[in-house]
Asks: 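Pasting a structure below so you can have a look.
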Amino acid sequence: MIKNVPINKGNYDMDTQERVDQFEINRSLGWEEKYREYRENWIKYPKEQYVAEYPLLVDIELSSLCNLKCPMCYTITDEFKSKVCTQLMKFNLFQKIVDEIAGKVPAVRLSLRGEATLHPDFISCIKYCKENGIGEVSFLTNASKLTKEYFIEIAEAGADWITVSIDGIGTEYEKIRTPLKFEDTLQKIKDIHEIKRNRGWKKPVIKIQGIWPSIKNNPSEYYNTFEPYTDLIAFNPLIDYLGKDEDIVYVDEFACPQIYQRLVIGSDGKVMLCANDEDGNYLLGDINLQSVYEIWHGERINKIRELHSLGKFKDVDVCRKCYLPRATEDSEHAFVNDREITIQNYINRTQVIGK
C-alpha cells in the first residue's frame with residue numbers, strides 16, 4: 001500500500017499562522033465554497049489515487065522565454081537549450097484550452113519555465129480565463145514588468161494570485177537576479193501594496209518566495225522587509241535544478257500527487273508529465289492535436305499512475321530525478337524574529353547556489 005504522497009512539498013511558509021490563514025481567506029474571496037472544495041480535493045484525490053474527469057489545475061505556459069539568467073535555473077543549461085524551443089504560446093491555442101476546461105477546472109496557472117508577463121496578450125489571457133469562469137488565475141513572475149500601471153491592468157483583468165520570486169535582499173538579490181535592482185523591485189512591491197490599499201482590493205494576493213541559501217544569513221531582515229507589503233512570505237530549499245546530483249536518498253512508499261492534481265501544457269502545446277519535467281522528457285500528448293480530457297485519461301499518464309501505485313516510480317527517468325520522492329532531513333534551524341523555523345533540506349543536496 002502506497003502511503004507517502006507529499007502534498008505541496010518543497011515550499012515552506014516563513015509566516016505567522018494568522019497571516020497564512022488570512023492569505024487563504026483572501027485567496028478564496030468570491031468563490032469561497034468552490035474554493036474549499038477545490039483545496040480539499042487537492043489533498044483527497046492524490047491520497048485516494050482518484051482520477052477526476054478533469055484536473056484541478058491546468059498549468060498553461062504562456063512563455064518559455066525568460067529575460068533573466070539566474071545561476072541556479074535549469075533554463076541556462078545546455079540540456080534545456082537543446083531540448084526546449086523557447087517561445088510564446090499562440091493566443092488561439094490558449095483559447096482552445098480554456099474553452100474546453102471552462103466550468104470543469106477550478107484553477108489555471110499561467111506560468112512554468114519562463115516569464116509569463118513577456119507575452120503580449122498576457123492581460124487578454126487573464127481576462128479570457130475569468131470571463132469563462134475559471135475560479136483562480138495565478139502566475140509566477142520576477143516582477144521585471146510589474147509597473148504600477150501594468151499591475152492595475154493585471155488586477156482589473158481578474159488575476160487572483162501573484163507569486164514574486166525574490167532571492168535575497170540587496171546585493172545578494174542583484175547577484176542572482178541580474179540585471180534587476182533590488183530597490184527597484186522592492187519599490188514595485190510597495191507600489192502594489194499602496195494601490196491595493198487605496199482601492200480596497202484584497203486580490204490579487206501577493207506572495208513572495210526565495211531560495212533558502214539566498215535568505216539564510218538574514219531571514220528576519222528578509223521577512224521584515226516584505227511583511228508590511230505582502231500577503232505571504234515563503235522559501236524553498238535549493239533543489240537539483242541543474243541535474244547534477246547522483247547520490248540520491250528516497251523516501252519509502254512514495255507516490256506522486258501531481259498526476260492526480262494538475263496537467264502541464266508547454267508554450268508549444270506539448271503536455272509534460274508534470275511541473276517538474278522541465279525538459280519535456282516524458283510527453284503525455286499534444287494539445288494542438290488532442291483535448292485536455294483525452295490526455296488526462298490517456299495511456300501515457302495512466303502508465304505513470306500505475307507505476308506509482310506499484311511503488312515503481314524509479315522506472316521513470318523524470319520521477320527518479322525529481323525532488324518530490326527525495327528524503328529530507330531537519331538539518332537546519334533558523335529564527336524569523338522570535339519564531340523558530342525548520343529547513344527541511346534534501347539529503348545529499350548542496351545548498352550552494354549554482355551547484
Side-chain angles (χ1 to χ4, degrees), residues 1-12 41-52 55-59 61 64 72-75 77 79-80 82-84 109 111-113 236-266 268 270-287 290 292 294-329 344-350:
M1 177 67 176
I2 302 300
K3 297 177 182 177
N4 199 331
V5 187
I7 308 295
N8 302 330
K9 182 178 181 178
N11 190 258
Y12 303 103
N41 290 338
W42 188 259
I43 298 170
K44 178 181 175 182
Y45 289 176
K47 296 289 187 184
E48 297 181 357
Q49 298 188 337
Y50 172 72
V51 182
L56 294 164
L57 169 71
V58 174
D59 298 76
E61 182 186 63
S64 50
M72 69 290 183
C73 184
Y74 52 79
T75 62
T77 64
E79 183 178 10
F80 180 83
S82 69
K83 291 182 177 180
V84 178
R109 188 176 188 237
S111 52
L112 183 67
R113 298 169 293 191
N236 310 80
L238 190 63
I239 64 175
D240 186 22
Y241 292 106
L242 304 178
K244 295 183 176 182
D245 291 0
E246 294 181 358
D247 187 13
I248 297 174
V249 179
Y250 298 97
V251 299
D252 295 328
E253 299 184 312
F254 169 80
C256 182
Q258 291 200 19
I259 50 181
Y260 300 96
Q261 294 168 326
R262 63 203 289 191
L263 197 70
V264 180
I265 305 172
D268 57 359
K270 302 293 175 60
V271 180
M272 288 162 269
L273 171 59
C274 65
N276 300 320
D277 184 15
E278 299 96 352
D279 293 336
N281 287 321
Y282 189 97
L283 296 178
L284 301 179
D286 187 342
I287 209 69
Q290 299 167 276
V292 169
E294 288 172 329
I295 296 170
W296 183 243
H297 294 277
E299 181 181 344
R300 296 278 291 172
I301 193 170
N302 282 334
K303 178 182 176 182
I304 299 298
R305 289 175 180 137
E306 181 183 8
L307 288 172
H308 276 259
S309 70
L310 297 172
K312 297 181 179 180
F313 70 90
K314 293 179 198 173
D315 290 358
V316 186
D317 188 55
V318 173
C319 305
R320 189 171 63 252
K321 295 177 180 178
C322 181
Y323 71 91
L324 287 175
R326 289 189 68 157
T328 60
E329 56 186 353
Q344 294 177 300
N345 287 322
Y346 302 99
I347 296 173
N348 299 334
R349 164 98 283 266
T350 180

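Any value given below was found using the heavy atoms of this structure, including those in side chains, with hydrogens, waters and symmetry copies removed. For this chain, numbers begin at 1 and follow the sequence in order.
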Asks: Check whether any side-chain N or O of K44 sits under 3.5 Å from a backbone N or O of Y50 as a donor-acceptor pair, and report yes or no.
Replies: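 Such a contact is absent between K44 side chain and Y50 backbone.
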Asks: Could you check if a side-chain atom of I295 sits within less than 4.5 angstrom of a side-chain atom of L263, using non-hydrogen atoms only?
Replies: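 Heavy-atom side-chain distance check passes, below 4.5 Å.
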Asks: Mind checking the CD1-OH spacing from I248 to Y323? Nearest 0.5 Å is all I need.
Replies: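 One gets 14.0 Å once the value is rounded to the nearest 0.5 Å.
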Asks: Do the non-hydrogen side-chain atoms of I7 and Q261 ever get within less than 4.5 Å of each other?
Replies: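 SC-SC contact between I7 and Q261 confirmed.
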Asks: What distance do Q258 atom CD and I304 atom CD1 have between them, rounded to the nearest 0.5 Å?
Replies: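 Going from CD on Q258 over to CD1 on I304, the span is 12.5 Å.
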Asks: For the residue pair Q49 and A255, what are the closest heavy atoms and their distance?
Replies: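 Reported closest heavy-atom pair: NE2-CB, 3.8 Å.
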Asks: Out of curiosity, I287 CD1 to I265 CD1, how far, rounded to the nearest 0.5 Å?
Replies: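 If I round to the nearest 0.5 Å, the distance is 4.5 Å.
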Asks: Consider side chain to side chain contact (heavy atoms under 4.5 Å, CB included). Of C319, C322, P325, which one does F254 pass it with?
Replies: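 Result: among C319, C322, P325, P325 is the only option passing the side chain to side chain contact (heavy atoms under 4.5 Å, CB included) with F254.
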Asks: Counting only N and O atoms by type, is there a donor-acceptor contact under 3.5 Å from the side chain of Y282 to the main-chain atoms of R300?
Replies: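 Yes, because the side chain of Y282 sits within donor-acceptor range (under 3.5 Å) of the backbone of R300.
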Asks: Of all heavy-atom pairs between L324 and P257, which one has the smallest distance, and what is that distance?
Replies: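 Between these two residues, the closest heavy atoms are CD1-CD, 4.5 Å.
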Asks: For the atom pair CG (N276) and CG (N281), what is the distance rounded to the nearest 0.5 Å?
Replies: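 Going from the CG atom of N276 to the CG atom of N281 covers 12.0 Å.
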Asks: Testing V292, I301, V58, L284 for side chain to side chain contact (heavy atoms under 4.5 Å, CB included) with V271, which one passes?
Replies: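 Only one option passes, and that is L284.
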Asks: Supply the atom-to-atom distance N345 CG to E329 CD, rounded to the nearest 0.5 angstrom.
Replies: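 So the gap between those two atoms works out to 7.0 Å.
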Asks: Answer whether the closest heavy-atom distance between the side chains of E61 and R113 falls below 4.5 Å.
Replies: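 With C-beta onward as the side chain, the pair touches.
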Asks: I'd like to know whether T328 forms a side-chain contact (heavy atoms from CB on, under 4.5 Å) with K9, so could you lay out the CA-CA distance, the side-chain angles of the two residues, the decisive distance to 0.1 Å, and finally the verdict.
Replies: CA-CA 10 Å; T328 60; K9 182 178 181 178; 4.0 Å; yes
Asks: Report yes or no: does N302 contribute a side-chain atom to a donor-acceptor pair with the main-chain N or O of H297 at less than 3.5 Å?
Replies: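 Looks like yes, one N/O pair under 3.5 Å.
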Asks: Over all heavy atoms of both residues, which pair between Q344 and P237 is shortest? Give the atoms and the distance, please.
Replies: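 That closest heavy-atom pairing would be O-CG, 3.6 Å.
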Asks: May I ask you to test the V51-Y260 pair for a side-chain heavy-atom distance under 4.5 Å?
Replies: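 V51 vs Y260: side chains touch.
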Asks: Can D277 and V264 be said to form a side-chain contact (heavy atoms from CB on, under 4.5 Å), step by step?
Replies: CA-CA 9 Å; D277 184 15; V264 180; over 6 Å; no
Asks: Distance from I259 atom CD1 to K303 atom NZ, nearest 0.5 Å?
Replies: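 Result: 13.0 Å between the selected atoms.
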Asks: Please check: side-chain N/O of Y250 versus main-chain N/O of R320, any donor-acceptor pairing under 3.5 Å?
Replies: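 Checking the backbone N and O of R320 against the side chain of Y250, a donor-acceptor pair under 3.5 Å is found.
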Asks: Carefully, step by step, assess W42 and R262 under the rule side-chain contact (heavy atoms from CB on, under 4.5 Å).
Replies: CA-CA 9 Å; W42 188 259; R262 63 203 289 191; 4.2 Å; yes
